[in-house]
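So the structure is just underneath, and the comments pick up after that.
Bear in mind that the values here come from a model prediction, so they are computed numbers and not experimental data.
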Amino acid sequence: MARIFRLGEEGAAEALAGASCAFGVFDGVHEGHRYLIGSAVDAAREAGTPSAVITFDVDPDELFRPRSLRKLMSNDERLAALAASGADAVVALPFTPAFAAQEPRAFLDAALGPCVPSQLHVGADFRFGARGSGTVADLTAWGAERGMAVVPHELLAEDGSPVTATRIRSLLAQGDVAEAARLLGRPYRLGGTVEPGRGEGRDFGIRTANLRVPDELRAVGDGVYACYAHVGGRRYKAAVNVGVAATFADEATATVEAHLLDFDQDVYGQPMELEFVTWLRPMRVFANTDELIATITANIDWVRANL
């Protein structure tokens with residue numbers, strides 16, 4: 001596991017100076033990201049230099065479009081995944097309004113000037129600096145003056161289209177968790193803290209663990225899913241409802257409700273992570289309670305038999 005540094009922290013400059021680095025936001029740390037990071041790590045191995053990942057401490061979209069943001073990972077999860085990606089170090093740049101407003105050369109002087117890498121691997125469409133005005137050509141010119149080689153990479157493609165976080169978010173929004181998992185290289189996961197729910201599940205004899213998940217971290221679309229739930233160090237099969245329960249829309253709010261099979265414990269206040277496997281059905285209004293219970297029971301039976 002690589003050490004995570006913040007720019008300016010002791011050891012950060014040493015981690016980058018002369019290293020082969022990959023630079024990006026890396027939300028989701030998906031297959032395309034791992035290809036780019038792997039290229040930097042392979043180049044470091046060939047040259048006998050250290051390797052590092054350069055990213056930001058927060059997702060820039062938290063600053064630029066917070067209302068529509070749907071991230072694949074929290075910032076802490078993203079940094080942890082990058083630390084496990086195979087590089088020797090991760091250096092997080094502080095992404096603030098003042099930092100983002102710098103013109104391209106000033107941006108690079110602040111980010112890399114004190115600790116110039118030997119190689120910088122980026123996507124061919126990489127942009128940086130104020131209003132994203134810096135291009136790979138600008139980066140290459142800055143690097144040439146300082147002995148840093150810039151290695152642009154075309155985005156990894158699957159089925160004729162680039163693998164991007166935007167593409168994966170779109171798949172998740174449509175409920176296509178299986179295809180999203182293929183591009184991520186692992187099942188999509190969503191975590192939160194278990195809190196008390198509305199209580200209807202207990203009344204029906206179908207208890208649920210209700211997760212408090214910030215909207216910006218709920219990339220998966222509304223619907224019912226077959227999942228695995230990770231809680232208390234164990235994994236359980238689960239039928240999971242994401243979004244507003246349509247039958248109780250008047251009193252419900254958007255939420256994530258998980259019925260864990262063969263589980264009857266009080267886990268309020270504990271962290272839980274859901275691993276999405278299959279989309280089962282859309283949300284819908286039920287004619288009566290009996291129809292609702294029958295449908296939920298059928299969903300649970302499917303999860304039990306197929307996961």
**Study point:** Ring geometry between Tyr188 and Phe276 (parallel below 30°, tilted from 30 to 60°, perpendicular above 60°)
**Key:** tilted
Exercise for review: Indicate the ring-plane relationship of His153 and Tyr35, choosing parallel, tilted or perpendicular according to the 30° and 60° boundaries.
Suggested key: perpendicular
Check your understanding: Heavy-atom distance under 4.5 Å between the side chains of Cys21 and Leu16, does that happen here?
Key -> yes
If Ile, Leu, Val, Met, Phe, Trp and Tyr residues are connected whenever their side-chain heavy atoms lie under 4.5 Å apart, and connections chain through other members, are [X] and [Y] in the same group?
{"X": "Val90", "Y": "Phe99", "answer": "no"}
{"X": "Val29", "Y": "Val41", "answer": "yes"}
{"X": "Val224", "Y": "Ile300", "answer": "yes"}
{"X": "Leu112", "Y": "Val91", "answer": "yes"}
{"X": "Phe126", "Y": "Phe64", "answer": "yes"}

Practice item. Evaluate whether atom CD of Glu145 has more than 12 neighbouring non-hydrogen atoms of other residues, nucleotides or ligands under 6.0 angstrom away. Key: yes
Review point. For Arg65, does the CZ atom sit with more than 12 other heavy atoms under 6.0 Å from it, leaving out its own atoms?
Key: yes
Review point. Which pairs, with at least one residue in residues 108-123 and sequence neighbours excluded, count as a salt bridge (charged side-chain N to carboxylate O under 4.0 Å, His left out)?
Key: Asp109-Arg146
**Study point:** Sequence neighbours excluded, every pair satisfying salt bridge (charged side-chain N to carboxylate O under 4.0 Å, His left out) that has a member inside residues 298-307
**Key:** Asp262-Arg304
Check your understanding: Which is it for Asn210 and Thr255 under the side chain to side chain donor-acceptor pair (under 3.5 Å) test, yes or no, and what are the steps along the way?
Key -> CA-CA 7 Å; Asn210 305 279; Thr255 187; 4.9 Å; no
Exercise for review: Carefully, step by step, assess Asp264 and Arg207 under the rule salt bridge (Lys or Arg N to Asp or Glu O under 4.0 Å).
Suggested key: CA-CA 8 Å; Asp264 188 21; Arg207 293 186 60 183; 2.7 Å; yes
How many angstroms lie between atom [atom1] of [X] and atom [atom2] of [Y], to the nearest 0.5 angstrom?
{"X": "Ser85", "Y": "His33", "atom1": "OG", "atom2": "NE2", "value": "11.5 Å"}
{"X": "Asn241", "Y": "Asn299", "atom1": "CG", "atom2": "CG", "value": "9.0 Å"}
{"X": "Leu183", "Y": "Leu172", "atom1": "CG", "atom2": "CG", "value": "9.5 Å"}
{"X": "Leu72", "Y": "Leu217", "atom1": "CG", "atom2": "CG", "value": "9.5 Å"}

Practice item. Tell me, with the steps shown, if His121 and Phe23 meet ring pair (Phe, Tyr, Trp, His ring centres under 6.0 Å). Key: CA-CA 6 Å; His121 294 251; Phe23 192 176; over 10 Å; no
**Study point:** Side chain Asn75, main chain Asp59, donor-acceptor under 3.5 Å
**Key:** yes
Answer yes or no: is there an ion pair linking [X] with [Y], defined by an N-O contact shorter than 4.0 Å?
{"X": "Lys71", "Y": "Glu77", "answer": "no"}
{"X": "Arg186", "Y": "Glu31", "answer": "no"}
{"X": "Arg70", "Y": "Asp27", "answer": "no"}

